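Inspection log for the structure reproduced underneath, given as structure tokens.
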Amino acid sequence: MRCLPAGRHSAVYYEEEDNFGTKAKVGIHWAKRKNRQGGAMLWRECECESRGTKALCAVHRFGERLKSLPLSPAGTKVFPQLPTGTCAKNLLRRYLRLLQIRGASTATMKCIRAGKATALAMAGSNIQDILKLGGWKGAGALSYIDVARVDQAHQLRQSVEGSSEEEN
């Protein structure tokens, strides 16, 4: 998985769970990414436990998509209908405007990564996991996290936990 054939810029992998406790996971390998000469390999594990069902788990949904595709030559796009580049950015901005999100007209695809970092921090993930899942090397990437939202979530969680303890 570490060596892509000549001319390939990326590859996608799906590994199913096994009976020994290994979760299903999806991997994406880029030949070149950012400043990494050797490229990068990014893995995402199954989220069934936190999502409550396979229907909401991106890894299992992606695995089902891959299994549904006929065997095809290397280089076949998995999601050929998905927009990329400027088209994807414009679509993101359109959806954010429809949701009446402040700052929608200046949103970029980096907003998605920043939002995920904030969501992970709000859920209580540690810094190492956030950096790993975002594919970041340095702690400078933590500047993407909306600390005020994380603090609000933490305070809300404490007040809910405190009120349930008082009821007991």
Side-chain angles (χ1 to χ4, degrees), residues 4 7-15 23-37 39-69 72 74-154 156-157:
L4 291 172
R8 292 288 305 275
H9 63 81
S10 61
V12 178
Y13 307 93
Y14 175 70
E15 293 181 10
K23 292 182 176 184
K25 59 185 177 178
V26 170
I28 302 173
H29 181 199
W30 288 279
K32 294 180 183 174
R33 184 165 180 245
K34 299 180 185 176
N35 295 326
R36 300 177 188 168
Q37 296 295 334
M41 187 76 182
L42 216 91
W43 288 99
R44 293 292 182 264
E45 285 190 343
C46 159
E47 297 179 332
C48 287
E49 288 176 20
S50 62
R51 302 285 181 200
T53 175
K54 281 188 177 185
L56 298 177
C57 175
V59 170
H60 280 101
R61 295 294 302 266
F62 189 76
E64 292 303 315
R65 170 71 176 157
L66 287 177
K67 288 186 223 173
S68 73
L69 295 173
S72 54
T76 302
K77 290 185 176 182
V78 177
F79 298 100
Q81 69 279 12
L82 286 181
T84 59
T86 303
C87 182
K89 181 175 66 177
N90 290 338
L91 195 58
L92 171 68
R93 289 177 178 175
R94 178 174 173 234
Y95 290 146
L96 292 174
R97 278 194 301 274
L98 289 171
L99 293 169
Q100 299 178 346
I101 303 295
R102 192 170 26 111
S105 61
T106 58
T108 65
M109 299 310 273
K110 210 171 238 183
C111 296
I112 295 170
R113 290 178 75 203
K116 185 65 175 180
T118 299
L120 286 166
M122 289 170 63
S125 294
N126 63 44
I127 293 170
Q128 291 80 15
D129 287 344
I130 294 170
L131 291 173
K132 179 182 172 188
L133 290 170
W136 291 306
K137 285 185 177 181
L142 298 177
S143 64
Y144 292 120
I145 295 174
D146 185 340
V147 178
R149 288 185 60 203
V150 174
D151 285 345
Q152 282 178 334
H154 182 67
L156 178 62
R157 193 167 29 252

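Note: hydrogens, waters and symmetry copies are ignored here, and every other heavy atom, side chains too, is used. Since this is a predicted model, take the numbers as computed values, not measurements.
- For the atom pair CG (L98) and CZ (R93), the distance works out to 14.5 Å, reported to the nearest 0.5 Å.
- Between I145 and A117 the shortest heavy-atom distance is CG1-CB, 3.8 Å.
- Residues forming a side chain to side chain donor-acceptor pair (under 3.5 Å) with Q152 (at least two apart in sequence, or on another chain): none.
- Heavy atoms only, all atoms of each residue included: S105 and R97 are closest at CA-NH1, 4.4 Å.
- In this structure, L96 CG and L91 CG are separated by 9.5 Å, a value rounded to the nearest 0.5 Å.
- The number of heavy atoms from other shown groups lying within 6.0 Å of CZ (R94) does not exceed 12.
- The line from CD1 of I127 to CG of L120 is 12.5 Å long, rounded to the nearest 0.5 Å.
- Summarising the geometry of E45 relative to K25, their closest heavy-atom pair is CA-CB, 4.0 Å, with the distance given to 0.1 Å.
- What you find for S125 and I130 is that their closest heavy atoms are O-CD1, 3.9 Å.
- Under the 4.5 Å side-chain criterion, counting only non-hydrogen atoms from C-beta, H60 is in contact with Y14.
- Side-chain atoms of T118 come within 3.5 Å of backbone N or O of D146 as a donor-acceptor pair.
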